[in-house]
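Heads up: the structure comes next, in structure tokens.
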Amino acid sequence: MDTKKKYILIAERSREDAALKLSFTAKKIYNKKGYIPLVIYDHKPKPGCYAIYNVFKIFEIHHYTKIIGFLNYLKVFFCSIIFFIYSFFTIWIKGLDWFVKYFKVKNILIGDLIYDRYIRTENKYLSPKLIDFKFLRLLFSGIFKVFSLNKIFDLYNIKFSLVGSKSYISLSTLLLRVSLQRNKKSLFIVGYVYKIYNKKYNFTEPLRDAVVKFKKEFSKNELKIKSVKYFNDKINGKLNTDKRKGIILDDEKYWKISKEYPKFTNTLLQKKKKYSKVIVFAMHCFSEINHATGDIVFRDYFQQFIETIKFAKKDKRHLWVFKLHPMCNNKYNELNSTLKILNNNYSDNIIVPPIKYSTKILLKYTDLIVSTRGTICLEAAAYGISNLMLTESFFTGFGFTNIKKSKKAYFESFNEAATFKKLPTKSMNSAIEVLFLSKTVYRNNSYNIFPIREFLSKMEFKKKLDRLSKNLNISNNKLYDIMLKEFL
């Protein structure tokens, strides 16, 4: 192996949007530093991705096991089997809660990534098991990939890595974490934001950093006017929900399609008279990226839900509203199992609104929003309603969130008057600004080289790629130059 050559290691996701951004970035780094782009994949890239790599003259594209050689492959495979057996018995003894928080391979945390992928389908969160073929397959695959990536770093002189994902047990996410363990910088790029990871992995949301930067582009008065207009348009359902007119953000769509159910409103008002405070527990989709922002105190969203509803049944001071996530049925088929649990835990102080019940109306009667890290906490803060969260999000750190770091602190909070204290006007204004800034950053997709791939036909995509092959001087060149100046 020629260790004199210097490489940029790129994790391929078989998505044209990601391939474009990463390839363009790699080409710029090659022009500045002479580092050769080396693309690795675990699933064969789409033809469109190969066409993109060809435009940027990236020809080193390999399956991650092929570039380490046959003998090294056998060694890695054997070591992975040994570590898998050891890990199995360790998890058997210590349990899945320990696994999610502490399981590491070569000192790289991957338990959270494996578990999130395991519960993503088939409602596995309902009863997660160690002795489950799906879990064991993901466990071995994760171990094997970490060993393989480390061997790539041993064999090649990798200077940087470029990734387009940091969730689930994907090759991109593992490359990011392995890179940092090997003391190599990694650049994470998606359409709306980038983040430079250096030396130590941190779970701070890249979008939060982008919000802070974006805020500097506005005068105080301009930001106030635009953010208030956005907020009013959102809560009144005036934002775009037509895919043909551009990006649709789910939370904006929900505010438009939600409505009042008078029967439930009447029930809420009648019960509210009997209790001290109204607490809304806003459920997540239990299957979706539980640990994207790190530790969430409970093993997963579902465990928090189960332990909270048990607590709520015994809490005779407060009225609890368990709000279903709008996507729990459409995307993950979670509705029936969730309703069954709610029915089995019936109590006079627990009510469940219709899935399309208006959030705007619900917040009128709410004293506290509880969610692991849901955007509803940000929306409620704009109304002056306090929140209780368990982890960071893109809107934390601006003075209007309340994060608890242990189960004890979480449950004790419901008995503390300060938990329900109305947020000051300054915090409400800050929440409205963050809501506007974050959604604008997301919608702008400033780092996309083409419009989002799903909006382009095959012919449109091919024409744009042909034009790009003749002229790499794209409109957002300057943004990439600024990003790379910071990265390099």
Give the intermediate values and the outcome of side chain to side chain contact (heavy atoms under 4.5 Å, CB included) for residues Tyr168 and Thr173.
CA-CA 7 Å; Tyr168 299 116; Thr173 311; 5.6 Å; no
Can you measure from CG (Leu187) to CD1 (Ile8) and round to the nearest 0.5 angstrom?
10.5 Å
What are the two closest non-hydrogen atoms of Phe436 and Lys226, and how far apart are they?
CZ-CB, 3.7 Å
Applying side chain to side chain contact (heavy atoms under 4.5 Å, CB included), run through Asp251 and Lys439 and close with a yes or a no.
CA-CA 10 Å; Asp251 61 304; Lys439 298 306 173 181; 3.3 Å; yes
From Tyr410 OH over to Leu390 CG, what is the distance, rounded to the nearest 0.5 angstrom?
6.0 Å
Applying side chain to side chain donor-acceptor pair (under 3.5 Å) to Gln181 and Asn150, what does each step give before you reach the verdict?
CA-CA 9 Å; Gln181 181 61 26; Asn150 266 284; over 6 Å; no
Does any N or O in the side chain of His63 come within less than 3.5 Å of the main-chain N or O of Thr65, such that one atom is a donor and the other an acceptor?
yes
Rounded to the nearest 0.5 Å, what's the gap from CD1 on Ile119 to CD on Glu288? Could you check?
10.5 Å
Checking Ser457 against Lys462: is there a side-chain donor and acceptor pair closer than 3.5 Å?
no
For the residue pair Thr396 and Arg208, confirm or rule out a side-chain donor-acceptor distance under 3.5 Å.
yes
Between Phe214 and Phe218, is the gap from one ring center to the other below 6.0 Å?
yes
Is there side-chain contact between Phe140 and Phe135, with heavy atoms separated by less than 4.5 Å?
no
Could you check Tyr156, Phe160, Phe487 and say which one makes a ring-ring contact (aromatic ring centres under 6.0 Å, His included) with Tyr35?
Phe160
Hey, does the side chain of Asp233 reach the backbone of Leu239 with a donor-acceptor pair shorter than 3.5 angstrom?
no
Output, in order, the C-alpha distance, side-chain angles, deciding distance and verdict of side chain to side chain contact (heavy atoms under 4.5 Å, CB included) for Leu437 and Val212.
CA-CA 9 Å; Leu437 291 166; Val212 173; over 6 Å; no
Can you find a side-chain donor-acceptor pair between Thr293 and Thr391 that sits under 3.5 Å?
yes
What is the ring orientation for Tyr192 with Tyr442, classed by angle as parallel under 30°, tilted 30 to 60°, or perpendicular over 60°?
tilted
Decide yes or no on salt bridge (charged side-chain N to carboxylate O under 4.0 Å, His left out) for Arg13 and Asp42, but give the supporting numbers first.
CA-CA 8 Å; Arg13 297 183 64 206; Asp42 50 359; over 6 Å; no
Roughly how far, to the nearest 0.5 Å, is NZ of Lys364 from CD1 of Ile385?
11.5 Å
Aromatic rings Tyr50 and Tyr53: how do their planes relate, parallel, tilted or perpendicular, breaks at 30° and 60°?
perpendicular
Does one side chain, of Ser393 or Glu205, offer a donor that lies under 3.5 Å from an acceptor on the other?
no
Has Asp209 got a side-chain atom pairing as donor or acceptor with Thr204's backbone, closer than 3.5 angstrom?
no
Would you tell me whether Asn448 and Lys21 have side-chain atoms, one donor and one acceptor, within less than 3.5 Å of each other?
yes
Looking only at side-chain N and O atoms, does Lys360 offer a donor or acceptor that is under 3.5 Å from a partner on Asn236?
yes
Closest heavy-atom pair, Asn290 versus Arg373, reported as atoms and distance to 0.1 Å, is O-NE, 4.2 Å
With under 30° as parallel and over 60° as perpendicular, where do the rings of Tyr197 and Phe188 fit, or are they tilted in between?
perpendicular
